[in-house]
Amino acid sequence: MGSGGVGSGGVGSGGVGSGGGRWVQRSEVAADARFFGLGGRAAGPRLRDGAYRLWNTDPKGGFGPGVDPLYLTMPVQMVVADAGTHLVFHDNSWDGRVVLREGEEGAGSGADRPGASELRMEGGPLRCWVLVGTPARVLQGWSGLTGAAAVPPEWALGYQHARWGFGSAAEVRRVVEGYASRGLALSAVHLDIDHYDGHRVFTVDEEAFPDLPGLAGELRERGVRLVSIVDPAVKAGDAVHASGLAVGAAGAFVRDARGEEVRGEVWPGECAYPDFTDPVVREWWGGLYEERLAQGFAGFWHDMNEPVSFAPFGDATLPRSARHAMDGAGGDHREGHNVYALGMARAGWEGLVRLRPAERPFLFSRSGWAGMQRYGGTWSGDVETSWDGLRASLALVLGLGLCGVPYSGPDVGGFGGSPSPELYVRWLQLGAYLPLFRTHSAIWAGRREPWEFGPEVARQAAEVMAERERLRPYFVTLAHLARRTGAPYVRPLWWGATEDRRLRDCEDAFLLGDALLVAPVLECGADRRAVRLPRGRWYDTATGAAYEGPGQILLDAPQGRIPVLARAGALLPVRAASGGGVELEVWAPARGRTGGGVVIRDPGPGFEAGTVERYTVRWAGDEVVVETEAGDSVEGVTVRGL
């Protein structure tokens with residue numbers, strides 16, 4: 001392959017392909033190449049020199065850019081160079097390590113030093129896929145290889161509120177009323193493990209939540225859905241455990257080589273672990289969601305599924321000798337660990353589709369593996385409450401999108417601390433332009449409702465949340481495009497201009513679809529920030545000022561807003577100010593240029609693909625006109641940038 005692809009590589013093995021040997025593969029890339037991917041990495045999105053482990057891990061507390069690995073690792077690497085872009089996928093779920101070294105271009109008559117990637121796996125096959133082309137073509141190929149992304153329900157593209165420690169139905173009602181009384185759009189409330197009876201999965205604390213179906217119905221009338229946390233560990237001896245023991249010939253739970261059930265310690269106490277690599281177990285587990293649906297839940301949030309077992313020392317997961325079915329092939333936890341959460345997501349998704357075939361499920365998971373986009377998305381996990389945590393939030397979403405997982409987002413405000421009003425607003429501003437827009441916090445952490453930070457923050461938060469609500473039709477379009485094309489909602493600035501090296505090194509801004517460039521404020525005290533522009537004309541959506549790229553500009557970023565720029569000629573579907581319908585917003589193309597865009601409206605709660613509406617934007621004399629694909633003029637369009 002060319003200098004943009006994998007160069008001279010080598011393999012060493014103690015039994016490659018046998019499933020039991022260790023092996024290493026070394027590759028060289030062009031001196032100008034940059035590395036991205038490997039799942040959710042807090043230090044990304046550009047992966048610099050260093051070692052990156054491929055082992056899904058609960059970091060046991062809040063994390064920032066220096067913590068690695070995290071909950072969701074993947075042997076999926078995207079490499080971007082002048083000569084082109086390629087994605088490498090090693091179809092091997094064993095524990096491994098990737099060591100990256102960026103190249104260096106020679107000065108004067110000096111020779112280039114190529115970049116290098118070394119992959120070491122503890123076992124399993126050497127089975128590698130390489131996809132080459134533009135980023136869009138590469139991710140379309142990835143989607144074809146591993147499956148199209150699930151489209152979340154329309155409501156899951158709105159603002160959502162979660163907290164570990166709601167404590168009671170009364171507290172849920174109080175929080176929901178707080179949003180409603182202030183005119184703040186709220187799509188969902190998430191209930192954490194404290195709503196369970198003794199932390200046991202598929203149960204309800206009926207003293208704190210005496211009529212959960214009634215509460216769910218009451219909230220739905222207000223446009224608010226309930227989302228339930230679901231953990232994989234099942235308390236030994238309870239009703240779900242007894243049900244699992246009756247599954248198949250040996251029961252539903254992971255066992256050791258002697259046939260004894262493997263037990264761990266999780267929130268409910270001593271627990272057993274379903275073996276999600278067994279199709280019979282997946283069918284049983286999927287059926288358990290009937291209880292959740294009967295309680296009124298509309299969405300599901302998988303947690304603790306690396307899987308986690310609390311341990312005083314060593315690796316806080318199942319023993320590596322624990323046995324898994326591996327869909328009939330057989331194996332142990334060395335091979336099954338990284339795909340455990342993927343199997344759980346598949347079990348939940350397929351069960352929900354059987355139970356409610358007319359509704360596409362809403363499901364997102366803390367852990368997973370390559371191809372998890374078929375069943376839903378993910379979130380950051382327990383990101384620390386700090387400015388570093390805010391920066392890591394963006395890195396995770398960008399990196400996961402380049403691994404084919406388009407729907408993700410952070411715990412806005414961080415998980416475990418109490419953000420300052422400034423940090424909270426800046427996090428909310430970032431989250432409003434990410435696919436999963438959700439506040440969340442630990443039971444010991446500070447509140448995350450906007451009004452808890454004072455009237456000025458509440459006013460600023462209301463503006464941020466109103467803009468997200470206005471852009472929700474655009475997010476619907478991006479969700480359907482992600483399924484059709486593999487393109488993530490959130491894209492690095494180099495997405496359409498990989499030849500621009502300065503964009504390859506820009507990590508503090510992103511594209512939202514083709515139309516918008518978002519430049520969040522990631523530093524304490526900043527009220528201005530530099531923004532690197534791709535080529536073309538860009539409009540500041542707050543002031544209407546036009547700027548020409550490529551190049552760098554300096555924009556105001558007062559605490560109440562962040563720089564958001566629209567591409568000249570872009571067309572976006574937005575929510576109408578009155579009536580709640582969808583209208584078109586257009587940004588004028590440069591004179592002598594044309595523009596356009598596509599719109600896919602929400603087709604309803606089921607699995608319909610939706611109709612693609614294509615529009616062109618052009619100048620006609622002194623007016624900007626919008627036309628359909630058939631050439632018909634479109635009326636009632638809002639034109640900006642004139």
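Throughout, numbering of the chain's residues begins at 1 and tracks the sequence.
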Does the plane of the ring in [X] sit parallel, tilted or perpendicular to the ring in [Y]? Use 30° and 60° as the thresholds.
X	Y	result
F362	F364	tilted
F475	Y489	tilted
Y159	Y179	tilted

**Asked** After noting the C-alpha distance and the side-chain angles of L516 and L471, does the key distance pass the side chain to side chain contact (heavy atoms under 4.5 Å, CB included) rule?
**Response** CA-CA 11 Å; L516 298 178; L471 288 175; 4.2 Å; yes
**Request:** Quick one: do R366 and D411 satisfy salt bridge (Lys or Arg N to Asp or Glu O under 4.0 Å)? Show the steps, please.
**Result:** CA-CA 12 Å; R366 190 169 78 173; D411 285 347; over 6 Å; no
**Item:** Criterion side chain to side chain contact (heavy atoms under 4.5 Å, CB included) against H195, the qualifying member of W164, F209, F166
**Value:** F209
Any side-chain donor near an acceptor of the partner, [X] and [Y], under 3.5 Å:
X	Y	value
D231	H199	no
R448	S441	no
R472	S187	yes

**Message:** Test salt bridge (Lys or Arg N to Asp or Glu O under 4.0 Å) on R173 and E218; report intermediate values, then the result.
**Reply:** CA-CA 9 Å; R173 289 187 175 95; E218 175 187 324; 3.0 Å; yes
**Request:** Kindly indicate, with the supporting measurements, whether the criterion ring pair (Phe, Tyr, Trp, His ring centres under 6.0 Å) is fulfilled by Y289 and W349.
**Result:** CA-CA 10 Å; Y289 289 73; W349 172 273; over 10 Å; no
**Request:** Evaluate whether atom CD of E583 has more than 12 neighbouring non-hydrogen atoms of other residues, nucleotides or ligands under 6.0 angstrom away.
**Result:**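 More than 12 within 6.0 Å, yes.
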**Asked** More than 12 non-hydrogen atoms from neighbouring residues, nucleotides or ligands closer than 6.0 Å to CD on E523, yes or no?
**Response**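 12 or below, so no.
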**Request:** Take E463 and R561 through the salt bridge (Lys or Arg N to Asp or Glu O under 4.0 Å) test and state the conclusion after the steps.
**Result:** CA-CA 9 Å; E463 293 177 357; R561 63 178 170 87; over 6 Å; no
**Prompt:** Does the ring centre of H440 sit less than 6.0 Å away from the ring centre of W301?
**Reply:**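 Yes - the distance between ring centres of W301 and H440 falls below the 6.0 Å cut-off.
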**Which atom of L430 lies closest to which atom of S393, heavy atoms considered** = CD2-CB, 4.3 Å
